[in-house]
Student: 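Structure in structure tokens, see below.
Remember, predicted model here, so these are calculated numbers, not experimental data.
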Amino acid sequence: MKMKGLISKRKWAMIVSFVILATMIVSLNTINLNAAAEVNFAKALQYSMFFYDANMCGTGVDENGLLDWRSNCHVYDAELKLDSQNTNMSDGFISSNKSILDPDGNGKVDVSGGFHDAGDHVKFGLPEAYAASTVGWGYYEFRDQFIATGQHTHAEVILRYFNDYFMKCTFRDSSGNVVAFCYQVGDGNIDHSFWDSPENDSMPRKGWFATKELPSTDVISATSASLTVNYFNFKDTDSQYAAKSLDYAKALFDFAKKNGKSVNDQGCGGFYNSSKWQDDYCWAAAWLYLATQEDDYLEEAFKYYDYYAPPGWVHCWNDVWSGVACILAEANDLYDNDSQAFEDRYKKASNKNPYEEIDFWKPIEDMVNKWMTSVPKTGGGYAFLDQWGSARYNTAAQFVALVYDKHHGDTPSKFGNWAKSQMEYLMGNNPINRCYIVGYSSNSAKYPHHRAASGLKDCHDQSPHKHVLYGALVGGPDLGDQHIDKTEDYIYNEVAIDYNAAFVGACAGLYRFFGDSSMKIDPSMPSHSIPDPTPMPTPTPTESAGLYGDLNGDEAVDSTDLTLMKRYLLRKIGGSYISELLADLNGDGVIDSTDLTILKRYLLRKITKLPIEPAGGGPVID
């Protein structure tokens, strides 16, 4: 991820014009192979979430991630030095709140976990909160499709990892009030001097915190929204966890409401320059009202809601007005469908003309119509909003269109059909037959701008990548339908957690409306789910209990055993489904992440012998 927002609009327009002219020239010599694009929304949904496995950070990657080329990294985030040099907090503030920030008194704070932003390793607050809330929103709207394709467990692991990190980074006093929130770890200017895997990264990583003096209303509110969405996504399956998420969401919103209002401008400068806080504030308030029906949240949302804003852009990290419009419209449908009470309350709270007609879904209808008719189109019919991450904006428009259709007859309208055509373009139905989803097909982009996946020491190295960044949505084509597939290109081949966020929901929505029996997931991909596990038999005192690492008793130590151990550690299955004796790979009497790491290293052939394995290998005799 490179600096964004530093080039003037005039200079940027000149650059884009040059690129378009150049690509028009190139296109004259481009051969259209006319290869049929693979259109499989189940597979696309499955793949779309693996990018988050690739960008997991912290001490829980081994337990939660599905990619064998990623493991725990930046473990020293768990011991961030609590002083004014390693954080943006003053020594006076730290001293005054030491019992909250540092209850152990060791002078350190744990801010490990979360997700790297892009191909880099910084954890930026606003795009991370946006990504979490938007992936969660997709799961909320189209949960049935995640379940139908067997992707619900994967989604829930990712959503927990996001939101557990947010709660860990929220510091509250004994009354539950938020005192500080760590919204960023890592300095982009330092981080971008390094091109290697995160497991090899040992650069200093500063922590940035929102406090009463530095309120960062936008990031705080966006995080609150994510936690409320998390409440919805777990309230029927893990009510205690859902209640905790909602409690933190309320506390963060209360902090945003009571303190001064400002955009986040420390730490992220030059990378994610926030233009406003009102949209994020309304995003949080709307979700909280949907969850609680408490009038105060609705009043706060109505006070700042910009009714005419959604058609101006599209749902993204710096503008969530489209998302706000959808949730307020859904709340109106649920709680005020047969009267004008909501509309009248909004007009009063926002000082609008009492005779003005308000339809909460109208801004979304206008936004999608604009994308279909007014947003610039490439020759291949692709709606192109902006050169930097055109695919993320396009898939976000798709997602919002599909949410609209779900709530208007739950059948595809012209909006849903437009979304389908746009996704088919991204899947390869375009003039250069390029698929913009990494690993999805043979004609996919192969050189995303991602350190860990490349396995290289220099982004200018043109060698093949050592790992496939499955499911990553690259930046996309330009206005001339052209694309440069090079690792070093951080515009055409940029990847980021905000790029994939709405893409996940769009895939699920498209499967809802257009999925058929021919669309299957890829069974070769790793999964958190083990079909129909059966309890392990208890060996008799004279029986061989099996090989260490062979958790399912099939006389082989393989990836299935690794998945079983992950599910055991996540408490998805109990001890009756694995041999606990054979899972304790270091012989310390405890099955934990250390055993998982040992097994992963053994399967990757980083080690040739398990620590507890008898000399020469062989079975364990009970």
Side-chain angles (χ1 to χ4, degrees), residues 42 45-46 48-50 52-53 56 60 63-66 113-115 129 131-168 170 223-252 284 286-293 327 330-331 334 403 406-407 410 501 504-505 507-509 511-512 515 521 526-535 563-578:
L45 173 59
Q46 176 193 25
S48 69
M49 292 183 286
F50 279 98
Y52 294 99
D53 294 273
M56 277 186 178
E63 289 187 30
N64 295 278
L66 287 176
F115 292 81
S133 64
T134 302
V135 173
W137 181 23
Y139 190 52
Y140 167 78
E141 296 286 359
F142 301 118
R143 187 190 193 103
D144 289 347
Q145 283 61 57
F146 285 83
I147 294 172
T149 56
Q151 303 309 301
H152 54 294
T153 301
H154 194 184
E156 290 183 3
V157 169
I158 291 166
L159 293 172
R160 282 182 184 269
Y161 208 78
F162 266 120
N163 290 285
D164 288 353
Y165 171 67
F166 295 151
M167 289 188 277
K168 175 190 284 188
T170 304
T223 306
S224 170
S226 175
L227 287 160
T228 305
V229 181
N230 209 46
Y231 158 76
F232 276 109
N233 287 331
F234 287 95
K235 67 184 180 67
D236 296 327
T237 57
D238 191 341
S239 59
Q240 185 174 359
Y241 178 65
K244 180 182 177 182
S245 297
L246 185 60
D247 180 61
Y248 272 79
K250 290 180 176 180
L252 285 166
W287 277 107
L288 280 166
Y289 179 74
L290 192 67
T292 67
Q293 296 184 58
I327 301 309
E330 291 183 31
L334 281 171
V403 169
K406 177 194 169 187
H407 293 277
D410 202 13
V504 174
C507 292
Y511 185 74
R512 181 186 188 92
I521 63 169
S527 170
H528 289 287
S529 302
I530 297 292
D532 301 322
T534 54
T563 303
L564 280 168
M565 187 178 286
K566 285 182 181 180
R567 287 175 56 78
Y568 176 82
L569 292 172
L570 290 170
R571 299 181 181 179
K572 299 290 186 181
I573 58 174
S576 61
Y577 293 99
I578 68 168

Student: Could you please spell out the steps behind the side-chain contact (heavy atoms from CB on, under 4.5 Å) verdict for Q46 and T149?
Tutor: CA-CA 8 Å; Q46 176 193 25; T149 56; over 6 Å; no
Student: What are the two closest heavy atoms between Q145 and L45, and how far apart are they?
Tutor: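 Residues Q145 and L45, closest heavy atoms: O-CD2, 4.0 Å.
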Student: Would Y511 and D144 count as having a side-chain donor-acceptor pair, cut-off 3.5 Å?
Tutor: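 Not at all, the side chains of Y511 and D144 share no donor-acceptor pair under 3.5 Å.
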Student: State, yes or no, whether a side-chain contact exists between M49 and F146 at a heavy-atom distance under 4.5 Å.
Tutor: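 Yes, at least one pair of side-chain atoms sits under 4.5 Å.
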Student: Show the nearest heavy-atom pair for residues A131 and Y52, with the distance to one decimal.
Tutor: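 Reported closest heavy-atom pair: CB-OH, 4.4 Å.
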Student: Looking only at atom types and distance, does a side-chain atom of N163 sit under 3.5 Å from a main-chain N or O of L159, one as donor and one as acceptor?
Tutor: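 Flag set: sc N163 to bb L159 pair under 3.5 Å.
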Student: Run the numbers on D238 and Q240 for side-chain contact (heavy atoms from CB on, under 4.5 Å), then give the verdict.
Tutor: CA-CA 6 Å; D238 191 341; Q240 185 174 359; 4.2 Å; yes
Student: Distance from D53 atom CG to F115 atom CZ, nearest 0.5 Å?
Tutor: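 Output value for this atom pair is 7.5 Å.
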Student: Could you check whether any side-chain heavy atom of Y289 comes within less than 4.5 Å of a side-chain heavy atom of I327, counting everything from C-beta outward?
Tutor: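 With C-beta onward as the side chain, the pair stays apart.
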Student: Contact between L290 and Y140 at the side-chain level, heavy atoms closer than 4.5 Å - yes or no?
Tutor: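 Yes, at least one pair of side-chain atoms sits under 4.5 Å.
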Student: Rounded to the nearest 0.5 Å, what separates atom OG in S133 from atom CZ in F162?
Tutor: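 Going from the OG atom of S133 to the CZ atom of F162 covers 9.0 Å.
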Student: Drop me the distance from N230's CG to E156's CD, to the nearest 0.5 angstrom.
Tutor: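 Nearest 0.5 Å value for the CG-CD distance: 9.0 Å.
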Student: Of all heavy-atom pairs between T228 and A249, which one has the smallest distance, and what is that distance?
Tutor: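 Shortest heavy-atom contact: OG1-CB, 3.2 Å.
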Student: Quick one: does Y231's side chain have a donor or acceptor within less than 3.5 Å of a partner on D247's backbone?
Tutor: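 A pair under 3.5 Å: no.
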Student: Could you grab the distance from atom OG1 of T170 to atom OH of Y248, nearest 0.5 Å is fine?
Tutor: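 The OG1 atom of T170 sits 6.5 Å away from the OH atom of Y248.
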Student: Before accepting this row, confirm whether a basic side-chain N of the pair R143/D236 lies closer than 4.0 Å to the acidic partner's carboxylate O.
Tutor: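 Between D236 and R143 there is no salt bridge, as every charged N stays at least 4.0 Å from the carboxylate O atoms.
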Student: Should S245 and F234 count as side-chain neighbours, where that means a heavy-atom distance under 4.5 Å?
Tutor: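 SC-SC contact between S245 and F234 ruled out.
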Student: Heavy atoms only: give me the nearest S226-F166 pair and the separation to one decimal.
Tutor: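 Between these two residues, the closest heavy atoms are OG-CE1, 3.6 Å.
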Student: Return yes if some donor-acceptor pair links the side-chain N/O of K168 with the main-chain N/O of G113 below 3.5 Å, else return no.
Tutor: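 Side chain of K168 to backbone of G113, a donor-acceptor pair under 3.5 Å: no, none is there.
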Student: Go through the steps for F50 and H154 under the test ring pair (Phe, Tyr, Trp, His ring centres under 6.0 Å), then give the verdict.
Tutor: CA-CA 9 Å; F50 279 98; H154 194 184; 4.9 Å; yes
Student: Hey, are E141 and H407 close enough side-chain-wise for a donor-acceptor pair under 3.5 Å?
Tutor: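 Present: a donor and an acceptor within the cut-off.
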Student: Might you work through the side-chain contact (heavy atoms from CB on, under 4.5 Å) test for K406 and F142, ending with a clear yes or no?
Tutor: CA-CA 9 Å; K406 177 194 169 187; F142 301 118; 4.1 Å; yes
Student: Does the side chain of Q293 come within less than 4.5 Å of L334's, by heavy atoms?
Tutor: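 Answer no - side chains too far apart.
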Student: Does the side chain of L246 reach to within under 4.5 Å of the side chain of L288, using non-hydrogen atoms?
Tutor: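 Of all side-chain heavy-atom pairs linking L288 with L246, at least one is under 4.5 Å.
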Student: Please check: side-chain N/O of N233 versus main-chain N/O of G136, any donor-acceptor pairing under 3.5 Å?
Tutor: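 Yes, because the side chain of N233 sits within donor-acceptor range (under 3.5 Å) of the backbone of G136.
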Student: Please examine the side chains of W287 and F232, heavy atoms only from C-beta on, and report whether any two atoms are closer than 4.5 Å.
Tutor: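 They are in side-chain contact.
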Student: So, do T292 and K250 sit near enough that their side-chain heavy atoms are less than 4.5 Å apart?
Tutor: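 With C-beta onward as the side chain, the pair touches.
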